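For reference, the structure discussed in these notes is given below.
In what follows, chains carry the letters A, B, and so on, assigned in the order in which the sequence lines appear, proteins first and then strands, with residues in each chain numbered from 1. Because the structure is a prediction, the values reported are computed rather than measured.
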Amino acid sequence: MEPKKNSAGTYFQLVVDRPWTIIVLSTLLFLGSALSLPTLVMDTRSDAFINENDPALVYREKVEDIFGLADPIIIAVVNDSPTGIYNPESLRLVQWLTEEAQQLANVDPERVVSLATEANIVGTDNGMETEDFFDVSPDSPERVSWMKEALANFPLYQGSLVARDHSTTLIVIEMLDEFDADTTYNEILAITNSAPVGLNDTVHVAGEGAIAGYLSAYIGADAQKLNPLSAVVITIILLVAFFTLRGALAPNLVVLATAGSTFGLMAAFGVPFYVITNGLTVSLIGMAVADSIHVFSQYYIEQASDPAATQPILVKRAMMAMWLPITLTTITTAAGFFTLHLTSSMPPIQFFGIFGGLGVILAWFFSVTFLPAVLSLLKPKGSRAFSGSTTTGSTDQASRLMLSLGNTVLDHPKSTLAFYAGVALIATIGATKVSVDEIRIDNFQTDEAIYLADTAMNKAMDGVYHLDVLVETEAFEGLHQANNLQRIDRLQRFLETQPGVGGTVSVVDYIKQMHRAVNENRESTYSIPEDSLLISQLFLLYSASADPTDFEEEVDGEYRQALVRAKINNGSYKKNTPVVQAVEAYLRDEFNTPDITGTLTGRVNVDHYWIKEIGGSHAMSVGIAFLAVMLVVIVLFRSVVAGLITTLPVALAILVIYAWMGFSDVWLGVGTTMFASIAIGLCVDFTIHTVDRLRELVNSETDNVKESMLMLYPSTGRALFFNLAAIALGFGVLITSDVPPLNNFGTLVALAVVVAFLASLTLIPALVYLIRPVFIFSRSNAEHQSGLAAASVVLVGTLAIFNITDAKATTQDTPAPTLTGSQVMQAVNARNDGNQITRDLKVVLTDRRGKTRVQETRGYRRYFDQEKRTVIFYRAPANIRDTGFLTYDYPDATKDDDQWLYLPALRKVRRISASDRGDYFLGTDFTYEEIKKENKIELADYQLTRLGLENVDGHNCIVIAGEPTTPQVGKDLGHSKIIWRIDPKIWMARSSDLWDINGNHLKTIQTRQIEQIDGIWTALEINAVNHKTKHRSTFSFSNVDYTSEVPEKLFTQSRLRRGL
Amino acid sequence: MRPLTPLLSWILKSVVHLAVGGIALWISNIANAGEFDAQAQISLATAVERGGDVQLGEVTFRPRIDARLNDSMKLTSIALARADLVDKLEPGRSTNASRSSPSSRMTGGDRLELEIRELFLDFELGDSQVRLGKQQVVWGQADGLRILDLVNPLNYREFVLGDFEDRRIPLWMLNTEMDIGSARLQFLWIPDQTYDDIPNARATYAFTSQAFQPALAPGEQTHIAQRDKPSSLLRDSDFGLRLSIFTGGWDLTANYLYHYQDQPVLEIDRSDDLTTITPVYKRTHLIGGSASTAFGNFVLRSELGYSTDRYFSSTAHTNGTRKTRELSGVAGFDYSGWTNTFVSGQIFVGTIDQKKGIVGESTTLNLSLLMQQTYLNDSVTIELLAIHNSKNDDGLVQFDLGYQLSNNLVITTGVDVFYGQKTHLFGQFDHRDRLSLMLEWSL
């Protein structure tokens, strides 16, 4: 019998009638989406996991700005001989490595710290002087001995620069741009490989910068291994399942289209490839193939039952039978992924959720378009695996295996339930043992050089992980006060008592060293002077004999703020949590007074705060994902019992996973926190397919319930078996990953789907057999269909509500603006730019390959009271000639501007939305907002902070940082931060830098030629460089005229239409 | 007035064209205040049908001259030379049957045609802006679907494919605009009796849909008479008025056009043994308006049009036609909340009040979806346009990919797919799905 005529029938008829059209359209969709793939960028920074508005991160960045800190790459020189590093060869190696590192492009020579850059503080007859350790080359044993003794008398450097056991010394290298960490890391590795290493010397490279740098390459290599392996595994499963070439190849094309489109869209939306995105590739491969397996299984069943049928009829029948279940499973799996976006605060996981869900939908799309279209072009051909099968399924080994499973379950339904009750009990016990932790270095295998280096450094030195306290005093030079320094000293002693803290550093250590130096190096004077005046003099003395910037990492120029750094020998959240809590309590109860305050910061603190969120958001994520799929099932089957029965195996699978984690000490961290939502989405596929099929079988064969239910096994059971094989082995491929968190992620998801599969085919049939639920034993097809629509509406509605809630929650984190920055920008906005202007503009657009496009325009602007009207007419080249842009910019910030674009190809003035302001203006690197505002800004859009002064092209400029007041404004404007360098003589930005909404450096705008025309400061050349696309735009203005009358009628749609 | 021969007409127009350009240049030089600018575009285009047949293989040359005579006077002229080597879209010599003599094309054999596309002078007269000459005037807010955009007729050589800019036939007219308070009034006087170019029966896109056929009995012997085309310069002129205003963030217009329908009505005369079909042009009043505004990332566009005298083929009337009134409306939403992406959806509804005997549908419901995406700083553009007639279940899907290879060179490739039954508007070209390629070079 032909399938019933309905919308789906009409659609699949169209597919088999016009396969080439469908193939071309779906291929174009794929190519269109995949076009942006080359622009995909990697972001392996650990900060990428933290919401950019997270207060802990914002504070840490502020502190880093004050003290000029950055996550460093650290080289350790280790010498295992009894003398340790105190031998000429090792010390020359330190000097050589330091000098080489200072010459690297992404390294600030001033921010390389090693024995070769530091100075000893010694007392002299005149007081004190500093002497560089490498002032005299350490070639002689005497000089080496001097250095050893000097360092032994310099507690500040003990454990931080040289190991207390003399075995190790560090070279700490800070980078200018942390996004280039991978290049710099590789350059440093190259330096260390060619270094003149002595007999007993070994060189290690580690540190947060190195981890970020190496992780990028490490993940790339891992992906290159995982993805082909995953494809091979899937292909083998498909070959085993169908014994046909088409059955093996066509689903692979669906996989390719899905993965290509998903990552292409990721690139198009400017979302980077994070550490965990590798997991998405494999997830997509596993999930994209699942729909194809069900379609092919049904196709072969149809073929075997009616060998005379033509190919289009077979394809249509297979699609008509399978479209509903695969649509349902797509909705539920996508729901699982989308809840990750809603419930996680970490951007990489949020994007994993969004693009995972999108990938599942794309897989479905290609499975109902491309797959049947391709299949309908082939000749009908059966599968050996299905020969002799009937409409109810195959009779091969897999089917027989499934059938015997069915017999066992339905013969012993009560025992089956009892078994699962036992499993649930044991799993609950295991689940209580799960704990939250994250150790970043554990992203690497334990035999990786970087892991070994990290271990070695943390063992020999005080520790390479930092917990910082920012101390702030009210008074100017408050840190010259002895009592304040003593308070800091006590804080350091407290910190040193904490587990894992190897040592501390602060400006107090320098003061003590100087105090001792001016007292003939007497050990007893290694203390803080009681006289504040003496402290001031010591600082003055130091600055007279050494570089005053030596302290810039410890204290600010006004001696108001100081950084106390505790060095910790591990990066474990779990181990460091008690330390963070203890220090917070100490600061609150013992340290803070109205005159001096200490605030916790540093990477360990930041990590503590965002990882703490994992536990809470994970529970919410699991709960919402679970509720979302249960809701879909309840609406779909119009039965609460159906919701409970269908989600029971899913709950069991998740519980077993927690048990596995609890028993095998796998912590809940970044890599593993995502598994549950995804597993819920995947697991429910098995249960939906099972329940859907049972409803059909039991309804149509009501005479003998057991016989009817047994038919589940050779048909759906078999398809689910191969579905399981594809997903479990697809995720199982992650077990071979070199990135341990992905290992765990793959294992957990694979295990979850195995449990869900088994429970679907045993627990559900046993339950159904025993309790005979109404929703299975009585139903109509119409309800089923309308249920789908209702389910989709409910799901989409639910997700939309959560999205709105999510957006509101984010908005509340906005910090308040500061006055000074605001005043500067008010002055910029108040700059006279003439009541009217006429000018010609030449636009030169240059792409990354140097290809240029030139456009010529004439523009007019005029103020009508406070309202600014601008019109631009394009004059060349011919293909855009007569294009015009008109804007009315209203003084009331709450009122949307009005904008029109005249497109000569349409001969129409087109109204454009003012919300497009972050979009790029007609292919340039300037946005509509920038074109309209002309070097001014909408004050209401930004919170402004004055950062200091900077010289730009010989002009002293005020540096102003602006951050969008709300994430929505940021999204509208297309950036998360701007730094303007405002020349106060002309109140114009001479240069500005912008960061995109993901925090990546987006573009730099430079104003090159500023002249006074008719008494008004005018920018005649403006350049914008997009750092992501390497595309640049140069705007050159000429024939600038502020005096000629600009008629009002120029600013009308009519004039836009008529042109110049 | 006796029409001039095409060759003489062409020579005269060429002389006028050159003379006006030359005078403009001369005046411009004398005044030393003007600007003279010449540009040209050359394009190569080809299209291949699904079955592999080449449908189009043409070279076009489009020179343009802009001469600013003084601050308020400007002359613009655009000419077109087209050689279609395949000659399937307008097989044989291009006809000027639906065109007035001053708007006719000059042909060189079957494959070459030359035309003055536009030639107009912009100047100010008191407070009015005047554009006098051959030109295009576009009304309305809808894309692709026409309700108010009826001022210029269309050339259907590629049916609805290709840019409106190229399909619209410019007309000789007087176009004046003036401000009335904060509103703006446009007045059009169009003495040019040029109507739609409908491809002949051998053409690739010949109309076969029943809606375009006379209402005949099966096997009826017919004779097609010469079309009855209006010819009086004044009496048969079209007139238009448009009042537009921008207020409260809304762009509003009220439109009125007294015009001849651009497609002829097929009147049947059965008084003799042989049935005579005469294509006749009929007049109508078009009254309507448009409104558009932006809110957030959305732009709403809408227009409404009411025609008093529309004619359709009818089986219930002895002369084979039925006069009726027609009301049409369109509402469209544009969304631009995604970077570099533009999405626009439209719904178009049309209905007539007399339905008895009408051939074809008495109500129309068309839906359209446009998606545009740009990459690499607008040098790559992808566009997907789908138009679906939900009454007839037919429609058109177009996909275009454009790449600006250099400052002056653009390459565009596209796929056009029709679907639906052969008796319907889009479905009649179901077998004409095509893949096209175009290179456009600006000089």
Turns out that what part of A:T852 lies under 4.5 Å from chain B's heavy atoms comes down to backbone
B:R301 side chain vs A:R910 backbone, donor-acceptor pair below 3.5 Å:
no
Looking at A:L845, A:D925, A:L31, A:V24, which makes the most heavy-atom pairs under 4.5 Å with chain B?
A:D925
Less than 4.5 Å apart, any side-chain heavy atom of B:K74 and any of A:R1058?
no
If you measure from the Lys or Arg side-chain nitrogens to the Asp or Glu carboxylate oxygens, is any gap between B:D66 and A:R875 under 4.0 Å?
no
If one checks every heavy atom of B:L300 against chain A at 4.5 Å, the contacting part turns out to be neither
As an exercise: rank B:T341, B:D378, B:N377 by heavy-atom pairs under 4.5 Å with chain A and give me the winner.
B:N377
With a 3.5 Å cut-off and no angle check, do the side chains of A:W900 and B:D251 form a donor-acceptor pair?
yes
Counting heavy-atom pairs under 4.5 Å to chain B, which of A:Q1053, A:R853, A:K1049, A:H1031 comes out on top?
A:R853
Please check if atom CG in A:D892 has more than 12 non-hydrogen atoms from other residues, nucleotides or ligands closer than 6.0 Å.
yes
Under a 4.5 Å heavy-atom cut-off, does chain A meet the side chain of B:N175, its backbone, both or neither?
both
Part of B:R167 lying under 4.5 Å from any heavy atom of chain A
neither
Contact part of B:E177 toward chain A, heavy-atom cut-off under 4.5 Å: side chain, backbone, both or neither?
both
Answer yes when B:D149 and A:K908 have at least one side-chain N-carboxylate O distance shorter than 4.0 Å, and no when they do not.
no
Quick one: of A:V909, A:T21, A:V854, A:L922, who has the most non-hydrogen atom pairs under 4.5 Å with chain B?
A:V854
Can you tell which part of A:S1054 gets under 4.5 Å to a heavy atom of chain B, answering side chain, backbone, both or neither?
both
Report, as yes or no, whether the 6.0 Å neighbourhood of atom CE on B:M371 holds more than 12 heavy atoms from other residues, nucleotides or ligands.
no
Side chain proximity check, A:L35 to B:V380, heavy atoms < 4.5 angstrom:
yes
Can you tell me which of B:Q136, B:R62, B:Q373, B:Q141 forms the most heavy-atom pairs within a distance under 4.5 Å of chain A?
B:Q136
So for A:F921, is it side chain, backbone, both, or neither that comes closer than 4.5 Å to the heavy atoms of chain B?
neither
Counting heavy-atom pairs under 4.5 Å to chain A, which of B:D143, B:T76, B:T374, B:V397 comes out on top?
B:D143
So, taking the atom named CG in A:L25 and the one named CG in B:L384, what distance separates them when rounded to the nearest 0.5 Å?
7.5 Å
Answer yes or no: is there a side-chain heavy-atom contact under 4.5 Å between B:R168 and A:R907?
yes
Of the listed residues (A:D882, A:T1029, A:N1026), which shares the most heavy-atom pairs with chain B below a 4.5 Å separation?
A:D882
Under a 4.5 Å heavy-atom cut-off, does chain B meet the side chain of A:D898, its backbone, both or neither?
side chain
Counting only non-hydrogen atoms closer than 4.5 Å, does A:T924 touch chain B with its backbone (N, CA, C, O), its side chain (CB onward), both, or neither?
backbone
Please determine, among B:R131, B:E440, B:Q186, B:R184, the option with the most heavy-atom pairs under 4.5 Å with chain A.
B:R131
Once rounded to the nearest 0.5 Å, what's the spacing between atom CD of B:E165 and atom CG of A:L903?
11.5 Å
Could you check if a side-chain atom of B:R50 sits within less than 4.5 angstrom of a side-chain atom of A:R18, using non-hydrogen atoms only?
yes
Counting C-beta onward and ignoring hydrogens, is there a side-chain heavy-atom pair between B:R68 and A:L1060 closer than 4.5 Å?
yes
I need the residue from B:F164, B:F246, B:Y335 with the largest number of non-hydrogen atom pairs under 4.5 Å to chain A.
B:F246
Sidechain-backbone polar pair: B:Y375 side chain, A:A268 backbone, donor-acceptor under 3.5 Å:
no
